[in-house]
Amino acid sequence: MSRSKAIIYPLINDIPVREFLQDVDRLVSEEAKARLDAMEPTQAILAGYHEAPTSPFLYQLCLVAGVEAYRHSGIATMLIHHIVSGQSLPDDSKTHWEIPVLGITRILCPLSVADHNNDQKDVKLLREIHSSYPMIVEAISKDLSFLQQKGNLAYARKQLLSTMLYLFVTHPEQRPKMYSHTSVRLFLSCWLYSVPCNKNFSGKCSSKLSSSLICLLFDQDDQGHSPPDHCLKVAYQALNIDTFVSRLSLILQSPLDVETLGMEITAMSVFLRNESYHTHIVEAGIHNQIVVSSKKVFIKTAKEKVAGNDPSKKDVPQNNRSALEAHIGLTCLLHCSGKFLCTLIKNSKDGYSLLFDLIRKSPIMEVCAAAIQLLNRNSFGASIRSPWNNVLAMISDLTSSNRIHGRAVSSVPNSREYISDHEILETIKTAIESIAIPVLHSLASESGTRRPDASHSDYADVWRGILHRVGVTEQSIRESYQDQRKCCNAQCPSRKFETCLVLMPKKSRCTGCRSTFYCDRECQIMDWKYHKKECKKMRSASTVDAA
């Protein structure tokens, strides 16, 4: 398979190669380069056989390994020899294979683009490297502990390995040969230990690349080729399941940007096809953590939106392109998280109980509300068949009489202790109460292009139906806002999609009843037609109490 230079070369350039020689004196490094420059390619490669695999000379040689004069002179054979025959010392900070792997990656780079597909020397060279893949992976897998380390060098090492694995797995003839126990364990280790990132070093590229590798290995590729049926069974056997789920949890607890989080969730989704993985993912509460992490990203974006609209904060740049990128990023994140939840529920023996458990233990109602507002508001969202349509439909079904006659809901997934319909409705009411009316106003007033699927053509109607069935009214919401000292203006500008999750208690209150709070006088004026009679009753009640 030919890949474009626009994809391949940035991968190589993103590898922080200097980390592999960080403890080498600059003069020593310059001498090694001068020595290389004084040699012919063949002479340099012969000298490379006698070098230590971590030497500055071999490092300089690996940097030029992809140049035609070197790659056609047998450098790949020398580097494979170092990888297969070498041995890392337990007390050393470096492995014997990382610099040779850098060279192999530099060779694979030009061999992976369209310009070199018809060069017979390159075809033969690629075949040699591919045939050595099992030996390369076996050698690296003896040092998996090095992949579990933290720090700049460790993350550079994982990014290097992820790049090499990408160049292997995206070749159609090589991919079917990459499902051995050892190979799969290496893929998993690169992915699971790429997050969280070191404070002084951005491992973001490594994380994105390693999560995309999981999808490339375990999911259908662009040509429609599926992985072997047993691939997830091999993965389950290759890495301890407790380690697997604990690393997933750590990934979701890390401060990831919207794009990286979306890719991590997509990688996690492929494991839901396996029953054993599915069971452990549910038991570890990974689905709840995905919802919590998604909400955190929404709140962060909301705060940035609020800051960007605040004229007093002159240091916040107003950038339409950044706003569009953030919007697209949120839409993609919602799609990834929604797809994960739909797949999880669909593959569960007791999907409605799992959904109810999510409503009790995670902010899924808030994330679902944010999703449908985003989809309802604009034509970009309307063009996508979002899995949150299905989530919303299942939540609606959970509150309806159809469920009562057709499905029982247990208090815990796979449990036989069923809960009452009243408790179901009360749980949903509690989860939805704080955002119910603002979301309804948003859906009713900010509708963009209508969706083509009639069952979800009006999100406001579906949302209104859920509110009605759980007993949420504008009056009950107003009472809740009064207790929480939040703005009682249901049409408050701060309750738009971008900001409804970051509302703070208000200090401005009605001077009549002294019990109703607002952002400012403008919100109070907007709400007066609703509050007028209420205010009079509350004043009368307070007078009676005082007497």
(Q) Run the side-chain contact (heavy atoms from CB on, under 4.5 Å) test on Lys361 and Val292 for me, step by step, so that the C-alpha distance in whole Å, both residues' side-chain angles and the decisive distance to 0.1 Å come before the verdict. (A) CA-CA 10 Å; Lys361 297 179 180 178; Val292 170; over 6 Å; no
Q. Run the side-chain contact (heavy atoms from CB on, under 4.5 Å) check on Ile104 and Leu167 step by step: do they pass?
A. CA-CA 10 Å; Ile104 292 294; Leu167 295 172; over 6 Å; no
Q | Pair Phe187-Ser210, side-chain contact (heavy atoms from CB on, under 4.5 Å): steps then yes or no | A | CA-CA 8 Å; Phe187 270 84; Ser210 59; over 6 Å; no
(Q) Using the rule given for side-chain contact (heavy atoms from CB on, under 4.5 Å), can you reason through Ile140 versus Phe146, listing the C-alpha separation, both sets of side-chain angles and the distance that settles it, and then say yes or no? (A) CA-CA 10 Å; Ile140 295 172; Phe146 284 88; over 6 Å; no
Q.
Using side chain to side chain donor-acceptor pair (under 3.5 Å), reason through Tyr133 and Ser183 one step at a time and then give a plain yes or no.
A. CA-CA 9 Å; Tyr133 175 79; Ser183 177; 2.6 Å; yes
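Rounding to the nearest 0.5 angstrom, the gap separating the CD1 atom in Ile129 from the NZ atom in Lys124 is 13.0 Å. Taking OG1 of Thr182 as the reference point, atom NZ of Lys142 lies at 10.0 Å (rounded to 0.5 Å). In this structure, CD1 in Ile299 is found 7.5 Å from CD in Glu366, a value given to the nearest 0.5 Å. The structure places CE of Met268 at 14.0 Å from OG1 of Thr343, a figure rounded to the nearest 0.5 Å. Expressed to the nearest 0.5 Å, how far CD1 of Ile281 lies from CG of Leu344 amounts to 7.5 Å. Atom-to-atom distance recorded for Ile80:CD1 and Trp97:CH2 is 15.5 Å, nearest 0.5 angstrom.
In this structure, Lys158 forms a cation-pi arrangement with Tyr155, its terminal cationic atom sitting closer than 6.0 Å to the ring centre and no more than 45° off the ring axis. For the pair Arg35 and Phe57, the cation-pi criterion (under 6.0 Å, within 45° of the ring axis) is fulfilled.
Across Cys215 and Thr266, no two heavy atoms sit closer than the pair SG-CG2, 3.7 Å. Contact between Cys190 and Leu165 at its shortest, heavy atoms only, is SG-CD1, 4.1 Å. The nearest pair of heavy atoms linking Ala267 to Val270 is O-CG2, 3.0 Å. Ala65 approaches Tyr70 most closely through the heavy-atom pair O-CB, 4.1 Å. Residue Ser294 comes nearest to Ile265 through the heavy atom pair OG-CD1, 4.3 Å, listed as atom of the first residue, atom of the second, then distance. Looking at every heavy atom in both residues, Val291 comes nearest to Pro363 through CG1-C, 3.6 Å.
A heavy-atom distance below 4.5 Å is not found between the side chains of Trp388 and Leu374. Counting heavy atoms from C-beta on, the side chains of Arg106 and Ile75 never come closer than 4.5 Å. Contact of the Leu144 side chain with the Leu186 side chain is registered, since non-hydrogen atoms from C-beta on lie closer than 4.5 Å. In this structure, the side chains of Pro100 and Leu58 come closer than 4.5 Å at one or more pairs of heavy atoms. Contact check for Thr105 versus Leu161: no side-chain heavy atoms found under the 4.5 Å cut-off. Using a 4.5 Å heavy-atom threshold, the side chains of Val24 and Val28 count as touching. At a threshold of 4.5 Å between non-hydrogen side-chain atoms, the residues Leu36 and Leu63 do not count as touching. With a 4.5 Å cut-off on side-chain heavy atoms, Arg175 and Leu216 do not count as touching.
For Gln87, the CD atom is loosely surrounded, since the number of other residues' heavy atoms within 6.0 Å does not exceed 12. For Glu275, the CD atom sits in a loose shell: 12 or fewer heavy atoms of surrounding residues, nucleotides or ligands are nearer than 6.0 Å. Residue Asn240 qualifies as enclosed at atom CG: its count of foreign heavy atoms under 6.0 Å is above 12. Annotation for Lys94: atom NZ counts as buried by contact number, over 12 foreign heavy atoms lying within 6.0 Å.
Annotation: Phe218 is in aromatic contact with Phe271 [ring centroid separation under 6.0 Å]. The aromatic ring centres of His81 and Tyr49 sit less than 6.0 Å apart.
A donor-acceptor distance shorter than 3.5 angstrom exists from the side chain of His96 to the backbone of Ile83, with no hydrogens or angles considered. A donor-acceptor pair under 3.5 Å is absent between the side-chain atoms of Trp191 and the main chain of Leu213, judged by distance alone. Between the side chain of Asn347 and the backbone N or O of His278 there is no donor-acceptor pair closer than 3.5 Å. No donor-acceptor pair closer than 3.5 Å links the side chain of Arg157 to the backbone N or O of Phe20. Put simply, the side chain of Ser29 never gets that close to the backbone of Asp25: no donor and acceptor are under 3.5 Å apart. Listed for the Ser189 side chain is a donor-acceptor partner under 3.5 Å among the backbone atoms of Arg185. Side chain of Ser293 to backbone of Gln289: a donor-acceptor contact under 3.5 angstrom is found. In this structure, Arg71 contributes its side chain and Gly66 its backbone to a donor-acceptor pair below 3.5 Å. Checked by atom type and distance alone, the side chain of Ser254 never pairs as donor or acceptor with a backbone atom of Leu256 at under 3.5 Å. Side-chain atoms of Ser131 come within 3.5 Å of backbone N or O of Glu128 as a donor-acceptor pair.
Looking at Asp242 and His280, their side chains never bring a donor and an acceptor atom within 3.5 Å of each other. Using a 3.5 Å distance cut-off with no hydrogens or angles, the side chains of Gln253 and Ser249 do pair a donor with an acceptor. Between the side chains of Asp257 and Thr260, at least one donor N or O lies within less than 3.5 Å of an accepting N or O. Between the side chains of Tyr277 and Arg273, no donor-acceptor pair of N or O atoms lies under 3.5 Å. At a cut-off of 3.5 Å, with distance as the only test, a side-chain donor of Thr95 or Glu98 sits close to an acceptor on the other residue.
Between Glu30 and Arg26 there is a salt bridge, since at least one side-chain N of the basic residue sits less than 4.0 Å from a carboxylate O of the acidic one.
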